[in-house]
Amino acid sequence: MKITIIGAGNVGLSIAYALILRELVDELVLIDINEDLLLARELELNQSIGAFNFDIKLTCTSNYEFSKNSQLVIFSAGIARKEGQSRDELFEINSKIMLDCAKKIKEFNEDPLFFIVSNPVDFMLNALYESKLFSAKKIIAMAGVLDNARYKYEIAKKLNLNISCIDSKLIGFHNDSMVLIKSQTKVKNKFLNEVLNQEDIKQIEQEVKTGGAKVIKHLKTSAYLAPASACVRMIEALRTGEFLPMCIVLNGEYGINKKAFGVMAKISLDGILEILELKLDEEENLALEKSLIQYAYK
Ligand SMILES: NC(=O)c1ccc[n+]([C@@H]2O[C@H](COP(=O)([O-])OP(=O)(O)OC[C@H]3O[C@@H](n4cnc5c(N)ncnc54)[C@H](O)[C@@H]3O)[C@@H](O)[C@H]2O)c1
């Protein structure tokens with residue numbers, strides 16, 4: 001598979017490195033505006049490919065011509081959150097950068113699958129959809145796999161269990177209003193409220209919602225390894241057909257029309273294949289309604 005990553009910063013580099021480690025790519029193009037950074041990335045990543053003795057072609061460049069015939073384009077450029085900042089504050093700058101980059105991609109790629117990683121993902125996806133540059137079913141934003149990983153990690157930590165025992169689901173925006181589907185989250189086949197009390201569940205929810213902010217507090221920059229891993233899991237799902245939480249443009253699901261929202265979906269290189277509309281309980285329905293009103297979706 002040929003993949004182009006726009007933005008060779010912390011997230012873009014980590015995605016590239018994970019793709020190499022998991023041998024998911026035959027040709028990789030990293031695009032950035034920082035020429036020094038590109039030179040360093042080219043050296044380090046090629047030497048990593050050499051260390052593993054892999055046959056992966058890598059190009060680090062500011063020239064979009066090298067992106068030609070990419071099957072997947074990942075957008076991780078722009079600015080990241082700083083301590084105290086909300087993701088929404090990045091929209092003005094990041095959406096401009098993304099639309100500019102997407103137009104350049106379009107010159108060399110008719111209709112590639114396009115993953116948005118830069119924040120605020122939901123509203124970035126709305127902006128890309130409105131630009132009509134690519135088919136609606138081929139533009140997807142990554143956040144749900146990361147939020148769900150944080151959810152699983154917090155449950156596993158609380159119960160001192162392996163993460164793989166947990167089957168959890170969530171929907172919604174990549175912000176405090178995300179909706180954890182607690183009624184369908186299972187630990188070793190038992191429902192969450194059978195293994196944890198309400199106070200513990202509430203605390204887990206709070207930890208998930210502040211998962212990104214906690215990393216920023218200690219690292220002084222935004223998380224990148226877990227986001228990159230989540231993005232790579234989505235790339236693996238292109239082959240496996242696994243349902244994962246991701247942000248896509250909906251056509252009536254959950255009462256949302258022609259707007260981006262995080263749902264469980266199945267994808268391939270041709271784009272979205274199937275959407276799972278989960279049956280929510282009363283509390284989850286209320287949380288969903290509240291978030292849709294908060295972000296003027298209703
Ligand atoms: N979706 C998620 O769950 C998630 C998680 C973590 C981070 N993020 C987002 O990912 C984005 C990247 O974060 P990061 O930590 O890698 O930031 P970073 O600052 O390390 O990297 C950003 C890169 O973008 C490049 N860039 C800026 N303008 C460009 C342009 N016009 N064309 C090409 N490249 C350009 C910069 O030179 C830099 O190398 C941020 O918006 C961050 O909020 C999303």
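Note that ligands are numbered from 1 as they come in the structure, with each ligand's atoms numbered from 1 the same way. Every heavy atom of this structure was used, including side-chain atoms; hydrogens, water molecules and symmetry mates were not.
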Stepwise salt bridge (charged side-chain N to carboxylate O under 4.0 Å, His left out) test for Lys104 and Glu107: CA-CA 5 Å; Lys104 292 180 189 155; Glu107 285 177 39; over 6 Å; no
Contact atoms of ligand 1, heavy-atom distance to Ala223 under 4.0 Å: 6 (C), 7 (C)
Subset of ligand 1 atoms that lie under 4.0 Å from at least one heavy atom of Leu90: 43 (O)
ring-ring contact (aromatic ring centres under 6.0 Å, His included) assessment of Phe54 paired with Phe52: CA-CA 5 Å; Phe54 288 158; Phe52 289 115; 5.3 Å; yes
Part of Ile97 within contact of ligand 1 (heavy atoms, under 4.0 Å): side chain
Taking atom 21 (O) of ligand 1 as the reference point, the nearest protein heavy atom with its distance: Gly9 CA, 3.2 Å
Nitrogen or oxygen atoms of His174 and ligand 1 under 3.5 Å apart: yes
Numbering as shown, the atoms of ligand 1 that approach Leu37 to under 4.0 Å (heavy-atom distance): 39 (O)
Lys/Arg cation over aromatic Tyr297: Lys259, 6.0 Å, 45° cone: yes
For Glu205, the option from Arg150, Lys182, Lys158 that meets salt bridge (Lys or Arg N to Asp or Glu O under 4.0 Å): Lys182
Numbered atoms of ligand 1 (with element) below 4.0 Å of Val121, judged on heavy atoms: 1 (N)
Nearest atoms (heavy-atom pairs only) where Leu90 meets Pro120: C-CD, 4.1 Å
Top protein contact for atom 28 (N) of ligand 1, by heavy-atom distance: Ile33 CD1, 3.5 Å
Ligand-side contact atoms (ligand 1) for residue partner Cys101, heavy atom cut-off under 4.0 Å: 32 (N)
Ile79 contact mode with ligand 1 (heavy-atom cut-off under 4.0 Å): backbone
Closest protein heavy atom (residue, atom, distance) for atom 12 (C) of ligand 1: Ser76 O, 3.3 Å
Nearest protein heavy atom with distance in Å, relative to atom 14 (P) of ligand 1: Val11 CG2, 3.7 Å
Heteroatom distance test (Val117, ligand 1): nitrogen or oxygen, under 3.5 angstrom: yes
Considering all heavy atoms, the nearest Lys279-Glu284 contact: O-OE1, 4.5 Å
Ring geometry between Phe114 and Phe134 (parallel below 30°, tilted from 30 to 60°, perpendicular above 60°): parallel
The single option from Thr61, Thr4, Asn109, Thr59 passing side chain to side chain donor-acceptor pair (under 3.5 Å) against Ser67: Asn109
Residues Ser168, Thr185; criterion side-chain hydrogen bond (donor to acceptor under 3.5 Å, both in side chains); working and verdict: CA-CA 4 Å; Ser168 60; Thr185 295; 5.2 Å; no
Taking atom 43 (O) of ligand 1 as the reference point, the nearest protein heavy atom with its distance: Asn119 ND2, 3.1 Å
Proximity of Arg87 to ligand 1 by residue part, where a heavy atom lies under 4.0 Å: neither
Proximity of Pro227 to ligand 1 by residue part, where a heavy atom lies under 4.0 Å: side chain
Ring centroid separation Phe66 to Phe108 under 6.0 Å: no
Per-atom contacts of ligand 1 with Met142, taking only distances under 4.0 Å to non-hydrogen atoms: 1 (N), 2 (C), 3 (O)
Among Ala8, Gly78, Gly7, closest by any non-hydrogen atom to atom 22 (C) of ligand 1: Gly78
Aromatic plane relationship, Phe261 with Tyr254 - under 30° parallel, 30 to 60° tilted, over 60° perpendicular: tilted
Student check: side-chain heavy atoms of Leu278 and Lys169 closer than 4.5 Å: yes
Electrostatic pair Lys214:Glu207 at N-O distance under 4.0 angstrom: yes
Intermediate values then yes/no, salt bridge (charged side-chain N to carboxylate O under 4.0 Å, His left out), Glu242 and Lys266: CA-CA 6 Å; Glu242 181 187 15; Lys266 189 167 152 176; over 6 Å; no
Mode of Leu146 contact toward ligand 1 - side chain, backbone, both, neither (heavy atoms, under 4.0 Å): side chain
Asn10 N/O under 3.5 Å from ligand 1 N/O: yes
Thr221 contact mode with ligand 1 (heavy-atom cut-off under 4.0 Å): neither
More than 12 heavy atoms from other groups under 6.0 Å of NZ on Lys57: no
Proximity of Asp32 to ligand 1 by residue part, where a heavy atom lies under 4.0 Å: both
Protein contact to atom 11 (C) of ligand 1 [nearest heavy atom, distance to 0.1 Å]: Ser118 OG, 3.6 Å
Of the listed options Ser222, Ala80, Ala226, Ala141, closest to atom 7 (C) of ligand 1 (non-hydrogen atoms): Ser222
Asn94 and ligand 1 - part of the residue with a heavy-atom distance under 4.0 Å: side chain
